[in-house]
Amino acid sequence: MTQGGHHVLEVDGVTKTFPGVVANRAVSFDLAEGEVHCLLGENGAGKTTLMNIVYGLYRPDEGTIRVRGREVEFSSSADAIAHGIGMVHQHFQLVPTLTVLENVVLGAERVRRGVLELGPARRTLDELMDRYGLPVDPDALVGDLSVGVRQRVELLKALYRDADVLILDEPTAVLTPGEVDEFLGTVRELVDLGKSVVFITHKLREVAQVADRITVLRGGEVVGRTTPAETSEAELAALMVGREVSFAVERTEAHPGEIALEVVDLVVDDDRGHRAVDGCSFAVRAGEIFGIAGVEGNGQRELVEAIAGMRPVVAGEVRVAGRSVVGLDPRRIADLGVGHIPEDRTRHGLIGPFSVADNLVLNRYHEAPYARGLVRDRSAVRRHAEELVETFDIRTPGVDVPVAQLSGGNQQKVVVARELSRPLAVLLVAQPTRGLDVGSIEFIHRRLVEMRDRGTAVLLVSAELDEVLGLADTVGVLYRGRIVASMAAEEADRHRIGLLMATGSEAA
Amino acid sequence: MIAAVAPRRLRLDRQRVVGGFFVVGGFLLVFAVAPALTTESKRFLFGIGPDAPSWTFVPSTATLWIGGALVLLGAAAVGWRGRIVQAGLVVAGVLSVLMILVAALALSSNRSTNLAPLFVQSLRLGSPIALGALAGLWSERSGVVNIGIEGMMLAGAGIGFVAYALMNGGAGGVPLYLAVLVAVVAGGLFAALHAFLSITLRTDQIVSGVAVNLLAIGLTSFLRSQILVPLNADSATTLPELSIPILSDLPVVGGVFTAKPIFFFTFFAFAVAAFVLVRTRWGLRVRAVGENPHAAETLGIDVIRVRYGAVILGGCIAGLAGAQFSLETVGSFDDLMTNGTGFIALAALIFGKWRPGPVLAGAMFFGFARALGVRIQLLGVEIAGFPLPSQFLQAVPYVVTIVVLAGAIGRAVPPAAIGKPYRRSR
Amino acid sequence: SGGTTETTAGGATETTAGGATETTAGGDTFITGKFVEACEEAKGKVQVPEDFNIGLVTDIGKINDGTFNEGVYKGFAAAAECFGLESRYIETASEADYVTNLNSILDGDPEVVVTVGFLLATDTLEFAKANPDVTFIGVDQFHPEYPDNYVGVLAADDQGGCMVGGFAGALTESNVIGVVAGVEAVPPVVRFANAFKHCAEQVNPDVDVKIVYHESFTDVTGGAATAEQMLGEGADVIFGAGGPTGSSGIKTAAAKGAWVIGVDTDEYYTTFEGGAIEGADRLATSAIKDVGLGVFQQIAALLSGEFQSGIYTLTAANGGMDYAPFHEAPVPEEAAKVLEEYRAGLADGSISTGVDPITGQPLEG
Amino acid sequence: MNGLPAALRRGLAPVVVPVLAVLTALAVAAVAVVVAGSSPIVAYGALFEGAFGTPARIATTIGRATPFIGTALAMAFAYKAGLFNIGAEGQILAGALLAAWVGTWSFLQDWSAWLLLPIVLGAGIVGGFVWGIVPGILKAKTGAHEVITTIMLNFVMTLLAVWLVNSLDPIILRDTAVSVARTRPLPDAARLPELVAGTKLHWGIFLMLGLVAATAWVLDRTPFGFEVRAVGTNADAATYAGMSVARITILVMAISGAMAGLAGAGHVSGADGHLSPGVFVNVGFDAIAIALLARANPYGIVPAALLWGALLSGAPLMQQRAGMSTDLVRIIEAAILVFIAGDVMIRRLFRLPEREEAPV
Ligand SMILES: Nc1ncnc2c1ncn2[C@@H]1O[C@H](COP(=O)(O)OP(=O)(O)OP(=O)(O)O)[C@@H](O)[C@H]1O
Ligand SMILES: Nc1ncnc2c1ncn2[C@@H]1O[C@H](COP(=O)(O)OP(=O)(O)OP(=O)(O)O)[C@@H](O)[C@H]1O
Ligand SMILES: [Mg+2]
Ligand SMILES: [Mg+2]
């Protein structure tokens, strides 16, 4: 391991196209031994694609890859693993029904005549957990673990395979600020122990903390190579999006009115029957944005779904304008003026093969003017769609194309347009900008503030703490299914909220 | 903490419904059925001969007891929850089965009936169902729906027998075992077609299964008329019966241990499957690709190969199940001779929630339901002077399936990736 | 015409291009067993007109399904061979196709159409009325009245069942007898089973006859398991009356040492492969019903001008219902005597089968 | 094909691909014909002539296809909602049984056709509806998988029908005037008129075509159809949008059953005038194959059902002429299904453009 100064990984002129998109165009990139190289870029810039190529999941259309100076051609990730490359994927690649140990050994099993030898594997795993400070219960089912712990499992998987090139694709996206610091510490430690790390993120703060070198991608091309010392956050941001970016959301002071949404001692179970929301209480006033901060997996999804009527309420009360909505179905709740931008747009918010126009009336297809008696008025639906495409600047070839053909940001705009195009008393918004680029984020943020200003009570749930802090008038912290603290936005600072998110209390 | 949450209203969950069912049934037994049954004593035998163990009872009295027990156990399930209550429901289920036997004997002119063969034959009838279900288990745990089990079984039965007839005209010996091997391969080939269509071409897996079924029906009857009929292959020597020493001499259960090889193999195959699934590399990979193929791919696992392997292994097992019809049981092949066993196997698979132990139990339960229907016919049960129509008794396994599927089993969660064509990232 | 069969002088059958009749391989002949004699006898009397051709429509199933259709087909094919007739057949796949198949068979301008099975009864009747020039032979088809060109060939299955039933009553020592029966919805099965039971009880009042019907004629695992349950209840004689289901039952029971009785054909040659199969010595006899012979005789009668419309029943009296030889089975003399007594009694009408000859339901009293 | 503009080729593909699949299937099955020692030309010629050779034969083919249209439509409609209704066989029988029974109620016998026909057909709808709603309710309320419950209900209905029609003690539905086990004949006023005398082609074909058009219209043009498709494509999004997946599941299964039931009643009233319990054997599986062949498109079902009807009604002549039994038809059917299902093969073989994902 003494190739000092040598590049452990070199990517040279890689191009990769998908139908309709050039994800990588003549990208060159290298990783020196013992460094952390940050790969930066906005959504869709091609970061993941590039790393998937390095990891053998995709085959490049053009270009070469060298590992420790030797040109390689991977036909599957097994080859990459064999060359000492490990990858922690942006979306966890874990099998929820298997145990931690099984997930870790999967694909790299030690066997005697085909029979698993889990004993030695367990010892190796224990050792790794000790060495890198990544404690996990090896026999727990992964499906039962919190997101932060799953992140650890992902890392352990790579380490178990003796990877000395580690690709970490947005590993911090789901962590609390405290966890992020800890994780970045772990990364430095890995480097000290001789590993080389590609670190993908859009969070500029992290870049400054860990990077030795930085490469910025935009639209599939390398637009900059630099080091933290030579640059600033603002410069990096401009490089990423190709223009100046304002980080703050412009907004005026809120004028809260009556309580529009009230949640009292709510109890809700998750899909597997475990308690997810456990005695949650809060109230949102008309004309304010109530932001819920919290680490993913603390009941956010169940909370929103229960309010929207998509999930049974085990106990407690939900009132909209003073009226209980417990036990009502989603349509009745929507009829009371509750809009809902769901967390997972492809699963809940849209029907992929249906047209843009149909998706824009997904919850009002049965009402006039979209239906007259027994018959749908498709021209009314189209007119409505054309209007919204115009006002919400949805980039689509037409209102009749399947919504699945739109880009992620534009799909999200379809959902937003649909929900915001009618008068609402309450708007439930979950992760509204996940996976979107800066331009779309700005647009959606502006729309949410507009709704607030028109007197809608907005409940905003987001894993992006910056988003919550930037938009909310009141911030609540959700921890293990209950609001452990709520405060006016002015009183909320990152450190305090981070502590609450991680521990549920301010006493560290 | 759970108890502290006062329910809004008494929720009619599954446990309460089932419990209520037992309460009502129990009362009916006590007040309506028991008085109508004979007070003449009857006897359950467990074996043939005078020294076979037996149980003598008076049907009306036995019914009173069973009915009372059902009321108590059912009421407990309505009022309380917890493990003991659930165990009580299982006991109630067993008592209901006992009640059916008591009533059947009471309504028959027979004084006694021998229950030992009832249980032995339940296993016999359950065995092909179990093998079929195991075929489905492998395929579906790897994420490929398999509605073509029936066709793969039929292919095994037909092609295996054709091979046997061609080799030495059905006179037993080594060719018989070779023919079983051919049946296994035939099942595997049909499974390979299913795999090719559904994995490689990413056809809807149900469509592909239907195609496999149709093809097996057409091809086997074609082969029969082209080959078996000209050969005059009516009947052949079947696989020999084996006795497991000592065990087969046991009272009551001894009968189970004298049987034919594929029957024995069924249990062995399940034990192996349970082991392989949990304890081997391949089993781990099958489980992984059935739940999250993409994750498996990122670890360098060839998802497509694992799925092919699992589907084809399943097909081989289905082929063996087919051989159980043609080469083990009867020594001939007739069109459509698997008679829908593959579909019942599918039900058993869902029944057992895709886990080897429960799947085996489920298959045997179907076997029991069929054997029970036969037993009731055997006893010549009459209700109010009318014999029970044979069609009713033949429907017993199907009705039982529906009731159990809807009532006792609950929502079975299949492997997460099942039915979804997998596209390798490229 | 493409696809017909002509008989050459030697009696061997050749198939012309696209041949319709699949004769058995290697120039096998259909004129075996009883047909040899029947053919000899008939040949002298008949005169075969030019272009005489005959057709057959099966019930659901094939001409070689090993049961009913096959039995009829053999007689039909033997007649074609014996008299040098052109023959064609159509195998029915679904009840929905009966009419189509009858239309298609008439397409070949046949002089005689044989239809198999009670399900075709009404359609055959209609076609007979509509086609007075064609003679229809309907196997197992009963009507109160027949047109002049239609004969229903019935089998007194009840007599066959009764014959071997009485025999079984004499054969049993445990006084428990099992009937592994086919599908209850098919009348011949019921006729066999119920008459079997009635006559067994006549011979042996203490006997308990257990009848179990099945969902299909090819439920071989079911048939075997049923037979074993019967043995477990003490049965020592098993009568298999239901195609492969029944055969599977008797094969299993015979291997376990019980007496077994076959049905339709002499199962010594089919199920027990002429003694090659374990338990062949336990096959006491089979209740033979020779529908094929009936069909042969009707065709012969037509050619010799002796045809009579109406009902022609295969009975013990005309040899259409009979029992098979014992072959290897050491049948007790006593029982053998009862069997012959019953055959003779049924033949001369002194013994009643105790069931309705059409529906097979037990007669009152 | 390669000369055509890409757009046209893509537009034609839905028609061209099935046609090519059928032709390829026939070519593959020709191997079996040769193996059996016969000539594919003679065999297929006879098959074609048997299906379409004379007006009466064409009528028979259409008549044979008539119940397939209803049952395949039932299957396809459920498929649109993401449900796999394997129960058409039980449902058609349930409908036929109820129609055959109601039609023979003595007090109805003198009623006019205007009243009686709707009653009999309505009875068929009710019968199928009931046999369809049961698995729907089970699925929606208990999660019991509809594939299993419908298969089981097929077995149960088959046995029930056999018992009801066969039973002599007691006599339930059996017509004792004939030796065949079947229900008593319907009065003339309860009969759908024949279209071509002596064939089984009757007015029911228009009923079925109407049903096809109605189904297509409902799916395409009504809020309910929108809901059905939404539930079938993305049940989570449908729930989110305020649709009740449980309600739609139940309703769709019931309507699906009713369609099959109507087909059954139509057959009883039009083709036979009575019910023989074995008449619909295999219809269920044929329906699945036909619906899949048509990619669950209601209009596509008509040609697919006609193809099936043609294969089955041409088979007898093929057997007469070429000695090929209906096994061959089954093999052809399976091959068609394989090539339709795996249409990637056909597209590669004939260099057609690849299909975009998600056929339904
Ligand atoms: N499998 C695929 N098929 C088609 N297009 C793809 C595929 N994967 C990625 N793309 C497209 O390629 C481009 C680059 O995507 P990539 O996932 O590499 O971006 P990224 O930089 O990782 O973005 P993010 O920050 O959102 O993770 C995007 O336009 C994306 O939609
Ligand atoms: N998995 C995929 N398969 C096929 N096409 C894809 C896939 N992912 C993305 N695309 C296509 O790639 C294009 C870009 O998609 P992507 O979601 O990355 O957009 P984007 O650049 O992030 O834009 P936006 O800012 O609107 O999210 C879209 O036209 C989309 O149709
Ligand atoms: Mg990415
Ligand atoms: Mg994007």
Side-chain angles (χ1 to χ4, degrees), chain A residues 16 18 49 52-53 55-59 74-82 86-89 91-99 101-118 142-143 154 157-158 161 265 267 271-272 275 278-279 312-316 326-327, chain B residues 1-9 11-15 81 141-143 272 274-306 309 313 353-355 410-411 413-418 422-426:
Chain A
K16 175 75 184 173
F18 292 112
T49 305
N52 278 342
I53 290 171
Y55 190 62
L57 283 174
Y58 294 156
R59 210 185 277 269
F74 297 150
S75 64
S76 82
S77 40
D79 296 345
I81 293 167
M87 181 162 172
V88 171
H89 298 265
H91 308 284
F92 290 155
Q93 298 298 342
L94 295 167
V95 184
T97 51
L98 302 184
T99 65
L101 185 60
E102 286 174 326
N103 265 287
V104 168
V105 302
L106 184 64
E109 306 87 348
R110 274 174 236 185
V111 292
R112 187 191 296 159
R113 290 205 216 92
V115 177
L116 291 172
E117 289 198 294
L118 290 177
V142 163
E154 282 285 21
K157 270 165 64 179
R161 284 160 178 73
D265 291 334
V267 178
D271 292 335
R272 283 176 320 191
R275 201 102 314 164
D278 195 4
V313 168
V314 177
V326 170
Chain B
M1 182 192 74
I2 293 170
V5 180
R8 228 162 257 276
R9 56 198 150 104
R11 289 222 310 212
L12 273 188
D13 61 5
R14 191 180 309 275
Q15 180 180 322
R81 13 222 63 212
R141 280 306 283 263
S142 81
V272 170
F275 178 82
V276 168
L277 210 51
V278 179
R279 294 296 312 280
T280 68
R281 166 163 56 194
W282 193 67
L284 178 65
R285 291 182 171 194
V286 167
R287 285 185 288 150
V289 304
E291 289 290 338
N292 189 349
H294 200 259
E297 188 191 335
T298 62
L299 296 171
I301 292 170
D302 188 340
V303 175
I304 291 187
R305 220 172 82 188
V306 173
L313 172 66
K353 301 188 176 177
W354 293 268
R355 294 192 311 246
R411 215 169 280 261
V413 182
I418 203 167
Y422 176 72
R423 189 183 281 276
R424 200 187 301 227
S425 16
R426 222 35 311 177

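Side chains are part of it too, since the values below use all heavy atoms of this structure and drop only hydrogens, waters and symmetry mates. Within every chain, numbering begins at 1; the chains are lettered A, B, ... in the order of the sequence lines, protein sequences first and strands thereafter.
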Subject >> Closest non-hydrogen atom pair between Leu116(A) and Val278(B), with its separation >> reply: CD1-O, 3.9 Å
Original post:
Between the main-chain N or O of Leu106(A) and the side-chain N or O of Arg285(B), is there a donor-acceptor pair closer than 3.5 Å?
Top reply: no
Subject >> By side-chain hydrogen bond (donor to acceptor under 3.5 Å, both in side chains) - contacts of Glu291(B) (at least two apart) >> reply: none
Subject >> Choice from Ile301(B), Leu284(B), Asp302(B) maximising heavy atom contacts with chain A below 4.5 Å >> reply: Leu284(B)
Subject >> Heavy atoms from other residues, nucleotides or ligands near CZ of Arg305(B) exceed 12 (cutoff 6.0 Å) >> reply: no
**OP:** Go through the atoms of Leu94(A) and report whether side chain, backbone, both or neither lie under 4.5 Å from a heavy atom of chain B.
**Re:** backbone
Original post:
Can you say whether His91(A) sits under 4.5 Å from chain B via the side chain, the backbone, both, or neither, judging by heavy atoms?
Top reply: neither
**OP:** Specify which of Leu118(A), Asp79(A), Val105(A), Thr97(A) makes the most heavy-atom pairs with chain B at under 4.5 Å.
**Re:** Thr97(A)
Original post:
For the candidates Ala158(A), Ala108(A), Gly114(A), which exhibits the highest count of non-hydrogen atom pairs separated by less than 4.5 Å from chain B?
Top reply: Gly114(A)
**OP:** Can you tell which part of Val111(A) gets under 4.5 Å to a heavy atom of chain B, answering side chain, backbone, both or neither?
**Re:** side chain
Subject >> Minimum-distance pair of heavy atoms, taken over all atoms of Asn103(A) and Leu299(B) >> reply: O-CD1, 4.2 Å
Original post:
Which heavy-atom pair separates Ala288(B) from Leu98(A) by the least distance, and what is that distance?
Top reply: CB-CD1, 4.1 Å
Original post:
Residues in side-chain hydrogen bond (donor to acceptor under 3.5 Å, both in side chains) with Arg287(B), at least two apart?
Top reply: Glu102(A)
Original post:
Non-hydrogen atoms of chain B under 4.5 Å away: do they reach the side chain of Arg161(A), the backbone, both or neither?
Top reply: side chain
Original post:
Which of the residues Arg113(A), Glu117(A), Lys157(A) is involved in the greatest number of heavy-atom pairs with chain B at under 4.5 angstrom?
Top reply: Lys157(A)
